[in-house]
K.L.:
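Structure incoming, see below.
All values derive from a computational prediction rather than experimental measurement. Chain identifiers are assigned alphabetically (A, B, ...) following the order of the sequence lines, protein sequences preceding nucleic acid strands; residue numbering begins at 1 within each chain.
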6 protein chains.
Amino acid sequence: MMNYLIIDKLIIDALKEDIPSEDITTNSIVSINSRSSVDLFAKEEGIIAGLKVFERVFTILGEVKIEFFKADGDPVHPNTLIAKLSGSTRHLLMGERTALNFLQRMSGIATLTRSFAIKLESTDALLLDTRKTTPNMRIFEKYSVRIGGGHNHRFNLSDGILLKDNHISAAGGIKNAVKAAKAQASFVRKIEVEVETLAMVKEALEAKADIIMLDNMDLETIRQAVAIINKKAIVEVSGNVGLDTIEALGKTGVDYISVGALTHSAKILDLSMKNLKNI
Amino acid sequence: MMNYLIIDKLIIDALKEDIPSEDITTNSIVSINSRSSVDLFAKEEGIIAGLKVFERVFTILGEVKIEFFKADGDPVHPNTLIAKLSGSTRHLLMGERTALNFLQRMSGIATLTRSFAIKLESTDALLLDTRKTTPNMRIFEKYSVRIGGGHNHRFNLSDGILLKDNHISAAGGIKNAVKAAKAQASFVRKIEVEVETLAMVKEALEAKADIIMLDNMDLETIRQAVAIINKKAIVEVSGNVGLDTIEALGKTGVDYISVGALTHSAKILDLSMKNLKNI
Amino acid sequence: MMNYLIIDKLIIDALKEDIPSEDITTNSIVSINSRSSVDLFAKEEGIIAGLKVFERVFTILGEVKIEFFKADGDPVHPNTLIAKLSGSTRHLLMGERTALNFLQRMSGIATLTRSFAIKLESTDALLLDTRKTTPNMRIFEKYSVRIGGGHNHRFNLSDGILLKDNHISAAGGIKNAVKAAKAQASFVRKIEVEVETLAMVKEALEAKADIIMLDNMDLETIRQAVAIINKKAIVEVSGNVGLDTIEALGKTGVDYISVGALTHSAKILDLSMKNLKNI
Amino acid sequence: MMNYLIIDKLIIDALKEDIPSEDITTNSIVSINSRSSVDLFAKEEGIIAGLKVFERVFTILGEVKIEFFKADGDPVHPNTLIAKLSGSTRHLLMGERTALNFLQRMSGIATLTRSFAIKLESTDALLLDTRKTTPNMRIFEKYSVRIGGGHNHRFNLSDGILLKDNHISAAGGIKNAVKAAKAQASFVRKIEVEVETLAMVKEALEAKADIIMLDNMDLETIRQAVAIINKKAIVEVSGNVGLDTIEALGKTGVDYISVGALTHSAKILDLSMKNLKNI
Amino acid sequence: MMNYLIIDKLIIDALKEDIPSEDITTNSIVSINSRSSVDLFAKEEGIIAGLKVFERVFTILGEVKIEFFKADGDPVHPNTLIAKLSGSTRHLLMGERTALNFLQRMSGIATLTRSFAIKLESTDALLLDTRKTTPNMRIFEKYSVRIGGGHNHRFNLSDGILLKDNHISAAGGIKNAVKAAKAQASFVRKIEVEVETLAMVKEALEAKADIIMLDNMDLETIRQAVAIINKKAIVEVSGNVGLDTIEALGKTGVDYISVGALTHSAKILDLSMKNLKNI
Amino acid sequence: MMNYLIIDKLIIDALKEDIPSEDITTNSIVSINSRSSVDLFAKEEGIIAGLKVFERVFTILGEVKIEFFKADGDPVHPNTLIAKLSGSTRHLLMGERTALNFLQRMSGIATLTRSFAIKLESTDALLLDTRKTTPNMRIFEKYSVRIGGGHNHRFNLSDGILLKDNHISAAGGIKNAVKAAKAQASFVRKIEVEVETLAMVKEALEAKADIIMLDNMDLETIRQAVAIINKKAIVEVSGNVGLDTIEALGKTGVDYISVGALTHSAKILDLSMKNLKNI
């Protein structure tokens, strides 16, 4: 789980984005002492993710308690009662949109991830995310991928080495690039190399890359690459992977398949807070 | 345009999310004095939005210059050359992902917005966004909606009044709610009321609401509501509006149609930085 | 009321302004376990405002409890006992000046506002504040105006439209300016236009401005403007309004009178913390 | 002068208070490439202070140049031309209110300070400020006092020792309090003691206080205190000092007279930006 | 003691430096509900300092309670049990390194300070620190000096005046420099002057410096300087003072001896957290 | 090199720690327009590191230019002229202490690292740092280790996996711990296991740990461990390594030796800024 140390700042920033001074509608209508309960429902089929973030929005605002009937990773359906909130009416209304904006987006990512992950169940390949995340949302989005059954690639540029075409040409070839990376970067890092041809696969193998990423290859070439690599490196496949193509990719024998769409193009999961009642 | 005063903090936060200490790949491979050029291409059809944000990422990092061949709002196609960047190779590589994450998402929103806006061209209705935006991305997303041909609803809870069902029941009816809002909130605000039935439409009219939002009504009920309101208030329609239904809604005579999907469920526009060359 | 989400940062900044490292006097003299009570008194006639902010200063510092005998908006007199504080002697002494600096200033504004608001009681006009507030104190100052019986104009440049002379000349006249504002800004905004002559009043009316601000007009001209406008727009009066002139202005039939002095030139209300006793 | 290191954060916070997202009026009306000039005038008699802060507001926003005809400390009169600004019309309009809010308040303090300082010119006493400043404005307000001819007392609780009645009773008398302060606080600090009676004056002298503050004494008692102290400590007078009483106080032979009103109750100096013209 | 108001930001920054996203080791292995106890031991001889900071690291992370068997200033030995912690296993593991990094460094400074302070016990001189502290650690390091038996010199450039050779030459001699400092700086400040020769000592005395710092003088010259000054100013000695030379310096009659090494070159005190057990 | 994106915040925080309001000494004595040059000298033998950080302190303050005669990694000696600075006298004096505090500490670490690294030159082992760094100084300290000839271990808890005794017991043995780590953590991470006995070495090998850290073993046991591991994992040695013991350790055949003292107990390198002259 995400520690509050990290996520609180992002949640507070989001709340201030929505309430730079005050909630003028709520403050005009609702007395400061009013207490209410309200229900959180699903409005469509999917996987819920982000309930602790949803809760933290209200904890930061003030006096709200939440009873959860579902946990992160659970499937939900139209009209599934996910949680019951109770507390300050003002805080319930002030936090509603921000809390839902987090939860709907995170659940949307978990839901899309699950649909990809299921396709790989019959294979030995695992599903990966990328760094194609929404700015300032990465910690929430990478967590949602895990909840949906995916695995995380590196978190950021500081904690993993991935030599792409530009790095390789800058270094004068794969061999030099891997050598430079091994010399300069911490020995705790694995070295990953992105390749586009079988010749590059061989070069990466000889350079002792730990991970070889096959970029935009066709199925047949991928199979040949897997054979050439022959377990001497971890194999990742990348490039415009869709729900219709991932299973076939998974059966080529690769270890990982990364899908940018998990975080960059998931639609939200529709949820709503309803039945607000004074208590 | 967005002022740097506001967006710089968000861009810097995003850069630090991707580079908490250093870009270990780039720093291993590329010398600090290396200079390169690189091209920004579109990989699919859409509307470009966010070029100033894209540029600002590199300006904040350091020494990069950009020549733009397209401007925000321009249509792009596969292989459209959008810009040519030149400067520090390290800064080009360090900023690439963050800059693209902003630009692809903003362009995705502009592209989806354009597809909705076109449907309304034959009507008198205008397209609106909502507050269903990604946390800490609202200023970028609302801007992208405008670039795509949409209009902005209120920006946050502090700058617009919208009395929803919960507020109305808390206040004891529309009349009381509007009265309280007019008494407490600044006179520079318009008062908007969300209604679900024609009876509520009439009540809102009598209470002198400035804007009436018809929530989840069918076409016929909307037409009757428009007739009842009869230009005495601005009419907004809301609720699960799709590309297939928006034109009919627009022809009912309403003034505005709000679509949450513009910001909460747009997929990105695929772009890429290619052809990095030492200069 | 102001939410802690927004005001805590400003209070913490103020405390750090006064205590960048430690309170060297108190820490030299008072043991860390010492507990005391102390009384908050008024030293002059006025309206108290800001008690929650006063309390929050001590809550942020640590262990202090406060019993209040007065509430925001109550009149106080010399020697009125407003509150009794008890808790850590160190925190009482460390927070005293910052807490009083907030409370005295807020109460000073409420007191001055009340003296203006009383003058309008026999009229139909309401009292307004402006954006002429102390930097980084606006949320406290606008709240104090409300406590004193005034109303708030727009909070900032992002949440209200006011077309002043400079905007009008830039746009080429009132008609163009209002048209541009209606086209570009969110439809939830009212459009306010500042005018200096009756000719401009007419132009603003024709352009369908929602609010017309009469700037620095004499009483007779104001009366004529009110007659011309004839309830087709809200009327605001502005410009060097004093305690001696406001009542006559209020009787001209205008809706609102804005007074910059409420926030930019109020003197503080004198208060003090006395009778510190070990407990 | 204040270093930008310190004041920039406060200026940026103030700008964001006034422009949390964008200036919707200006952006609707004025094109991004528009350039203008505008004049800064005084509207009343006073002392100008804060011109570098005024300028910095526009520098932070972007492209504005300023030619100054007056410097901090100069007297101004109705219609004195203080400066001519030129640059981005948008930035001129966006920064106007925030820049003036700083400059008017700082000049108001300098003006009030000058009126007090003049009264002391025929005496040997010097004018002091206090910590009764506006939260988060202290650096600007203490600077303005110096510009007006006053001197600064300690800046905050961390950089000066002042033993007040509460500290003295907590420590069990002046002697113990001074002893504790000398033992605990850095030897670079002077020890100041607040006294209310001649007996306390003697006690403070015996305790070797560096500075003795006579709190709310009448003129005759002050004269006696000065005689008793006889240059063995610096003498400060404090407590409800007015323009009508300060000169007599100054003639008693005290070294310093502190006046809280300089910062807590100065009205602003009226200034305005006029004659905006496209260039 | 340090107030949380000031130190929390530095502790949070340190925690985020060590955990920018999450503790991937701990989160892989330890369940979120696991609870443990763990012991804090000393591994070498020294003085403990910083226990409240150590505790605060865990308080900020979450659910950890600590029973202390030693207090700041107590001597510890190999295997001294200093504290027993219990609570969330994850928080214990996440906070361990950061908490120890603070505590070991602070205790190292206290230990080195104690060894210098003991040498002065037979003299009338007191031990001082300097501003040669680790960036962003000053509040912790100056506190540790006090715990070790040293005294604090000024905290920063804003709260004390020290005229060094560069200032003196810029001002045209000691006399002018002291005069300028007395005229410009707050009267609550003492004026300290750094001198290198007996001639400069005399000049400083005539200028009425409050403190004279003898920089890098030999013992005999220091004795002469002390005789010349003859209690008319406070005397500080500075410059490469070592454990072998400080006692002789202390016996020359100077009041204070400042030692930069206390904060810039102390080695840490070796401590460890051991015996983690599930509870 | 460190990017300004990351280090500027830390440098600004350090400057504000030393100058919360203003440099009262300098501002009293030196005119705002004064320009000077000053020299940076070494006062002892060592390796210089941190010159860009030193320079950045002055760049952030304002107008200072620096000509460097040495680069990071160069040896310096007493009286080596490292750089010549010129610019605003105020900025030179304001930045001196903060700039030196960074540079002296970084150079001290580089110097100590070099002395350890030299001992390993005749061996195949490489020198490593640890996470035992000063809070909020890690980026500077890890950089300095590299300059001194050492290599970096993981940067923080988020970017490397190290299973220590506590994790292993929590997981129920090495096998389970490694299995859990491989299942949960990103596949781009290497798994490191800390072991204390040869039995544990074998267990770690069987669990396919990527790196095995031999903790506090004697030389003979280390040699046996190296033989057992036989290149099937990377071998790191850790635990109270000194200048007198590291060479023997290096000759046992291990790959890496980590030394906490590099960052936690280096003394500074003595440097000074001298010969300030008006220009």
Side-chain angles (χ1 to χ4, degrees), chain C residues 10-11 13-14 17-30 34 36 38 89 93-94 97-98 100-102 104-105 108 131-139 156-163 165-167 169-171 177 180-181 183-186 189 261 264-265 267-268 276 278, chain D residues 10-11 13-14 17-30 34 36 38 89 93-94 97-98 100-102 104-105 108 131-139 156-163 165-167 169-171 177 180-181 183-186 189 261 264-265 267-268 276 278:
Chain C
L10 294 162
I11 294 175
D13 282 353
E17 183 188 55
D18 200 35
I19 320 176
S21 54
E22 57 172 318
D23 177 349
I24 55 176
T25 306
T26 297
N27 289 2
S28 296
I29 300 290
V30 179
S34 168
S36 298
V38 67
T89 311
L93 291 169
M94 288 166 70
R97 184 74 268 136
T98 300
L100 285 175
N101 282 348
F102 275 111
Q104 294 191 138
R105 192 161 302 263
R131 280 169 47 248
K132 295 179 180 175
T133 55
T134 316
N136 296 314
M137 287 290 288
R138 188 170 289 168
I139 196 167
N156 56 50
L157 289 175
S158 300
D159 72 355
I161 291 178
L162 174 45
L163 296 159
D165 51 355
N166 292 328
H167 300 102
S169 60
Q184 296 295 323
S186 172
R189 312 271 167 238
H264 72 50
S265 292
K267 67 179 210 56
I268 62 150
L276 187 133
N278 276 307
Chain D
L10 294 161
I11 294 174
D13 283 353
E17 182 188 56
D18 200 35
I19 319 175
S21 53
E22 56 172 318
D23 177 349
I24 54 176
T25 307
T26 297
N27 289 1
S28 296
I29 300 291
V30 179
S34 167
S36 298
V38 67
T89 311
L93 291 169
M94 288 166 70
R97 185 74 267 138
T98 300
L100 285 176
N101 281 349
F102 274 111
Q104 294 190 140
R105 192 161 302 264
R131 282 169 45 247
K132 294 177 180 176
T133 55
T134 316
N136 296 316
M137 287 290 287
R138 187 169 289 167
I139 196 166
N156 56 49
L157 289 176
S158 301
D159 73 355
I161 291 177
L162 174 46
L163 296 160
D165 50 355
N166 294 328
H167 300 101
S169 60
Q184 297 294 324
S186 171
R189 312 272 168 238
H264 71 52
S265 291
K267 69 180 209 56
I268 62 148
L276 187 133
N278 277 308

K.L.:
What's the spacing between D/L157 CG and C/R97 CZ if we round to 0.5 Å?
P.N.:
10.0 Å
K.L.:
Chain D: which of C/P20, C/A181, C/S186, C/A185 shares the most heavy-atom pairs with it under 4.5 Å?
P.N.:
C/P20
K.L.:
Heavy-atom distances under 4.5 Å only: say whether C/D165 touches chain D with side chain, backbone, both or neither.
P.N.:
neither
K.L.:
What part of C/R138 gets within 4.5 angstrom of chain D, counting heavy atoms only: side chain, backbone, both, or neither?
P.N.:
both
K.L.:
Tell me if a side-chain donor or acceptor on D/D13 pairs with a main-chain N or O of C/N136 at a distance below 3.5 Å.
P.N.:
no
K.L.:
Please give me the minimum heavy-atom distance between C/S158 and D/I24, naming the atom from each residue.
P.N.:
O-CD1, 3.5 Å
K.L.:
Under a 4.5 Å cutoff for heavy-atom pairs, which residue among C/G160, C/A170, C/A183, C/A177 has the most contacts with chain D?
P.N.:
C/G160
K.L.:
Do you know which two heavy atoms are closest between C/I29 and D/A171, and how far apart they sit?
P.N.:
CG2-CB, 3.5 Å
K.L.:
Taking D/M137's backbone N and O only, do any of them form a donor-acceptor pair with C/E17's side chain (distance below 3.5 Å, no angle check)?
P.N.:
yes
K.L.:
Just so I understand: if I count every heavy-atom pair under 4.5 Å between each of C/I11, C/V30, C/L162, C/D18 and chain D, which residue has the most?
P.N.:
C/D18
K.L.:
Sub-3.5 Å donor-acceptor pair from the side chain of C/N156 to the main-chain atoms of D/I19, do we have one?
P.N.:
no
K.L.:
Under a 4.5 Å heavy-atom cutoff, which of C/T133, C/T89, C/L100 has the most pairs with chain D?
P.N.:
C/T133
K.L.:
For C/D23, which residues count as a side-chain hydrogen bond (donor to acceptor under 3.5 Å, both in side chains) partner, sequence neighbours excluded?
P.N.:
C/T26
K.L.:
To the nearest 0.5 angstrom, please state how far the OG atom of C/S169 sits from the CG atom of D/N278.
P.N.:
7.5 Å
K.L.:
Of all the heavy-atom pairs spanning D/A180 and C/S28, show the shortest one and how long it is.
P.N.:
CB-O, 3.6 Å
K.L.:
Any side-chain heavy-atom pair from C/T134 and D/R105 closer than 4.5 angstrom?
P.N.:
yes
K.L.:
Is it the side chain or the backbone of D/S34 that comes within 4.5 Å of chain C heavy atoms, both, or neither?
P.N.:
neither
K.L.:
Does any heavy atom of chain D fall under 4.5 Å from the side chain of C/S36, the backbone, both, or neither of them?
P.N.:
neither
K.L.:
Any heavy-atom pair between the side chains of C/K267 and D/H264 that's under 4.5 Å?
P.N.:
no
K.L.:
What closest approach, in Å, do C/T25 and D/L163 show between heavy atoms, and which atom pair accounts for it?
P.N.:
CG2-CD2, 3.7 Å
K.L.:
With respect to chain D, which residue among C/A14, C/S265, C/A261, C/P135 yields the maximal number of heavy-atom pairs within a distance under 4.5 Å?
P.N.:
C/P135
K.L.:
Where do C/N166 and D/L93 come nearest, in terms of heavy atoms and distance?
P.N.:
CB-CD2, 3.8 Å
